[in-house]
Amino acid sequence: MYRAPLWRRALPNERDDVMSNISLTGRSLVCGSAQGELLYTDVGLSFWGGVDPFSGEIIDCHHPLRGQCLAGRILALPSGRGSCTGSSVLLELLTGDNAPAALIFADQEEILTLGVIVAETLFKSSIPVVCVGPKAFTTLRQRRFARIENEKISLFDTLPLGDWAAKVNNTDSHPSTPAPFSPKPSRVSLSESDHALLSGHHGKAAQEAMRIVLRMAELQGADQLIDISQAHIDGCIYTGPASLRFAEQLVEWGAQVRVPTTLNSISVDQCRWRAQGIDPAFGEPASALGNAYMAMGAQLSYTCAPYLLDSAPKAGDQVVWAESNAVVYANSVLAARTLKYPDYLDICIALTGRAPLVGTHRDQGRFATLRIDIKPLDTLDDAFWPLLGYHVGLLCGSEIPLLCGLEETAPSRDDLKAFGAAFATTSAAPMFHISQITPEAMSESQALGELPPSRVLAIEPDDLLASWYELDHAETPQVDLVCLGNPHFSLSECAALAALCSGRRKHPDVAIAVTLGRAVYADASAAGYVTTLERFGAQLINDTCWCMLGEPVVPTTARTLMTNSGKYAHYAPGLVGRQVHFGNLAECVETACSGEASGRLPTWLTAAATRQGAH
């Protein structure tokens, strides 16, 4: 059981009368106290794909803190970003030995905060979490040490000596014995059925779920809960023993979902993982985790693209979706309404059918505050959209952007899927607007809510070129693996790939694999696309996705991979330790046939490269 270090041993030249240089008062999101070395960054961090859940090392190769270890340190970052699974990674750390001692955020953060709340509620392990606001956050930059006591933060250049000790809240209680329920006054208006859930009338699982929902609602500033029509669960991704313990505990308590519920990609192809050579030490618990959520009444969907299912929500539907790309697509393209829900809060809401009425569930929470002007480019291909999404996400942080200048581009649903997945990787925002393309941006005033934007930015081709080289960074042209389907391929993407592969055969030294949901696989098989792709030499994988796949599906001998996914080009170096080439779908197929990436830039970037004298 993790216990936060109380202090660092003093060096001989340290004085015992060093005073705090700065004292701050923030908002305590999770109470507690801690003291230790401060690890500061002004760049958001996704714990999934960015932090090793067992060692605490930062593995995101694009992040300035890459290689640093969180264990025992106070992590200060403006916000989380990217994956909803960050809460699950933090839960693994908190139930292990390498958790941070505390978290300090500039803005209110929900994904990582929820991970701490679940660890505290079910596993009796906790760390303090404090939000200080953007202005105060900048004062942390040059400080080496911090002490947190609930909402109060003291900053030091040298850690003071003395007998101060953190009040450690952790216990060795078994997760099946949560803290006794004692109702507290709440600002959230509760219905009679809410009180019944909270009092345990519908069983312990629903009671514990409602407690977590209510606690998050209070942190979010909600004054009421709403009924939701469906849920999509991301917590079925296996991040380690704690993720399985959480789900099996709910099953033991008799958990049953109260709304139609789909499941995200799990961490293995449930029917083929043994044949794929996956170690049973991983395959068995990963498959068992999917089974645990199905035991709660969820549907066997196993896809990270639930918007491709017949059950996809309609405009205005109030839903609870996790999985970052799905959240962004639901809000932006379908005009459904969901927050970017953390893993574990998703199932808690599915068990209660109730969600906080905040953020993008409300009209006011869906307006853009940032306008981004994009210079029109000619002869765009399908690599433009994931690259643009990746770059826009880096610019906007948690702000909802309105993109202007793309009105004549006519992106397909697949283009918007690729844009949204990359955007959700680098931002914390739950949605985007594209002028005259997405349904809530038929005019600028509609997207902005009749208000002027708080900021206006512009993207030039040179900016996109820099992001291209960030994603397409492999040192050698040789490619050993082509990775397609992150997010899961649609039927139209299967058709496009089959047309490119028809009558051809991949290079014998290159592996190519496509991940897709079972429903799309069945349709692609009926259309003959699966046969064409298998003749080409492609492996088709169901149930899981590239962000969960490792060796041996990623061959142990592979050193470099290629993908058309901005999302996977970002995450792959940290997740599987390989270098990456990035390009459009046609380039991926050509590379699969030749064994080497061409290194060609798309025509819409060549002018920028020429100006810079690049390549």
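- Of the possible donor and acceptor atoms, one in the side chain of Asn150 sits under 3.5 Å from a partner among the backbone N and O of Gly32.
- The backbone N or O of Gly44 sits less than 3.5 Å from a side-chain atom of Arg81, completing a donor-acceptor pair.
- Here ring pair (Phe, Tyr, Trp, His ring centres under 6.0 Å) pairs that include residues 69-98, with residues two or more places apart or in two chains, number zero.
- Put simply, the side chain of Pro78 does not reach to within 4.5 Å of the side chain of Val43, judged on heavy atoms.
- Counting all heavy atoms, side chain and backbone alike, Ser265 lies closest to Ile237 at O-CG1, 3.4 Å.
- Using modelled atom types, no side-chain atom of Ser287 and backbone atom of Glu284 make a donor-acceptor pair closer than 3.5 Å.
- Under the 3.5 Å distance criterion, the side-chain polar atoms of Thr139 are matched with a main-chain donor or acceptor of Ala136.
- Between Ser454 and Thr369, some side-chain heavy-atom pair lies under the 4.5 Å cut-off.
- With ring centers used as reference points, Phe137 lies 6.0 Å or more from Phe105.
- Here the straight-line distance linking atom CD1 of Ile127 with atom CD of Glu120 works out to 10.5 Å at 0.5 Å rounding.
- Put simply, the side chain of Ser301 gets close to the backbone of Leu263: a donor and an acceptor are under 3.5 Å apart.
- Judged by distance alone, the side chain of Thr426 and the main-chain N or O of Tyr390 form a donor-acceptor pair under 3.5 Å.
- With respect to Lys340 and Asp234, no salt bridge is recorded, no charged nitrogen being found less than 4.0 Å from a carboxylate O.
- Between Leu94 and Ser125, the shortest heavy-atom contact is O-OG, 2.8 Å.
- Contact of the Tyr329 side chain with the Lys417 side chain is registered, since non-hydrogen atoms from C-beta on lie closer than 4.5 Å.
- Annotation for Pro430 and Ile400: closest pair CD-CG1, 4.2 Å, computed over non-hydrogen atoms.
- Under a 3.5 Å cut-off, the side chain of His570 and the backbone N or O of His62 do not form any donor-acceptor pair.
- Side-chain contact check for Arg366 and Asn331: at least one donor-acceptor pair (N or O, by modelled atom type) lies under 3.5 Å.
- In this model, a donor atom of one side chain and an acceptor atom of the other lie less than 3.5 Å apart for His232 and Asn264.
- Salt-bridge check for Glu551 with Arg578: passed, with a basic side-chain N closer than 4.0 Å to an acidic carboxylate O.
- Screening Ile111, Thr239, Thr85, Leu93 for a side-chain contact (heavy atoms from CB on, under 4.5 Å) involving Phe47 leaves a single residue, Leu93.
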Gln478 vs Arg559, side-chain hydrogen bond (donor to acceptor under 3.5 Å, both in side chains): CA-CA, chis, key distance, verdict: CA-CA 9 Å; Gln478 180 181 337; Arg559 294 294 174 264; over 6 Å; no

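- Inter-residue side-chain proximity for Leu605 and Leu464 is flagged as met; some heavy-atom pair is nearer than 4.5 Å.
- The existence of a salt bridge linking Arg141 and Asp42 is confirmed by a sub-4.0 Å separation between a basic side-chain nitrogen and an acidic carboxylate oxygen.
- Considering CZ of Arg73 and CG of Asn98, their distance stands at 12.0 Å, rounded to 0.5 Å.
- Annotation for Ser267 and Tyr238: closest pair OG-N, 3.0 Å, computed over non-hydrogen atoms.
- With ring centers used as reference points, Tyr344 lies under 6.0 Å from Phe246.
- Looking only at distances, a side-chain donor or acceptor of Asp52 sits under 3.5 Å from a matching main-chain atom of Ser55.
- The distance from atom OG of Ser154 to atom CZ of Arg147, rounded to the nearest 0.5 Å, is 6.0 Å.
- In this structure, Asp343 contributes its side chain and Ser88 its backbone to no donor-acceptor pair below 3.5 Å.
- Here CG of Leu38 is found 5.5 Å from CD1 of Ile104. Values are rounded to the nearest 0.5 Å.
- With contacts defined as side-chain heavy-atom distances shorter than 4.5 Å, the pair Pro552/Gln276 does not qualify.
- Salt bridge Arg66/Glu57: absent, no basic N to carboxylate O contact under 4.0 Å.
- Put simply, CD on Glu587 and OG1 on Thr563 are 13.5 Å apart, with the number rounded to the nearest 0.5 Å.
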Worked verdict on Arg215 versus Val30 for side chain to side chain contact (heavy atoms under 4.5 Å, CB included): CA-CA 10 Å; Arg215 184 166 175 186; Val30 180; 3.9 Å; yes

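- Pairs of residues two or more places apart, or lying in two chains, never qualify as ring pair (Phe, Tyr, Trp, His ring centres under 6.0 Å) while including a residue from residues 70-99.
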Chi angles and distances behind the side chain to side chain contact (heavy atoms under 4.5 Å, CB included) call for Ile372, Ile459: CA-CA 7 Å; Ile372 300 178; Ile459 294 177; 3.6 Å; yes

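- With contacts defined as side-chain heavy-atom distances shorter than 4.5 Å, the pair Leu416/Ile434 qualifies.
- For the pair Trp546 (side chain) and Leu484 (backbone), a donor-acceptor distance under 3.5 Å is present.
- Taking CD1 from Ile374 and CG from Leu457, the interatomic distance works out to 10.5 Å, rounded to the nearest 0.5 Å.
- A 4.5 Å side-chain heavy-atom check between Leu561 and Val479 finds every atom pair outside the cut-off.
- Across Val580 and Ala572, no two heavy atoms sit closer than the pair CG2-CB, 3.9 Å.
- Under the 4.5 Å side-chain criterion, counting only non-hydrogen atoms from C-beta, Lys567 is not in contact with Pro386.
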Side chain to side chain contact (heavy atoms under 4.5 Å, CB included) evaluation trace for Val51 with Asp60: CA-CA 7 Å; Val51 178; Asp60 181 351; over 6 Å; no

Criterion side chain to side chain contact (heavy atoms under 4.5 Å, CB included) on Leu39 and Leu70, from CA distance to verdict: CA-CA 8 Å; Leu39 185 62; Leu70 303 183; 3.8 Å; yes

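- Minimum heavy-atom separation, Ile278 to Val268: CD1-CG1, 4.2 Å.
- A centroid separation of less than 6.0 Å is found between the aromatic rings of Phe419 and Phe432.
- Taking the centre of each ring, Phe582 and Trp468 come in below the 6.0 Å mark.
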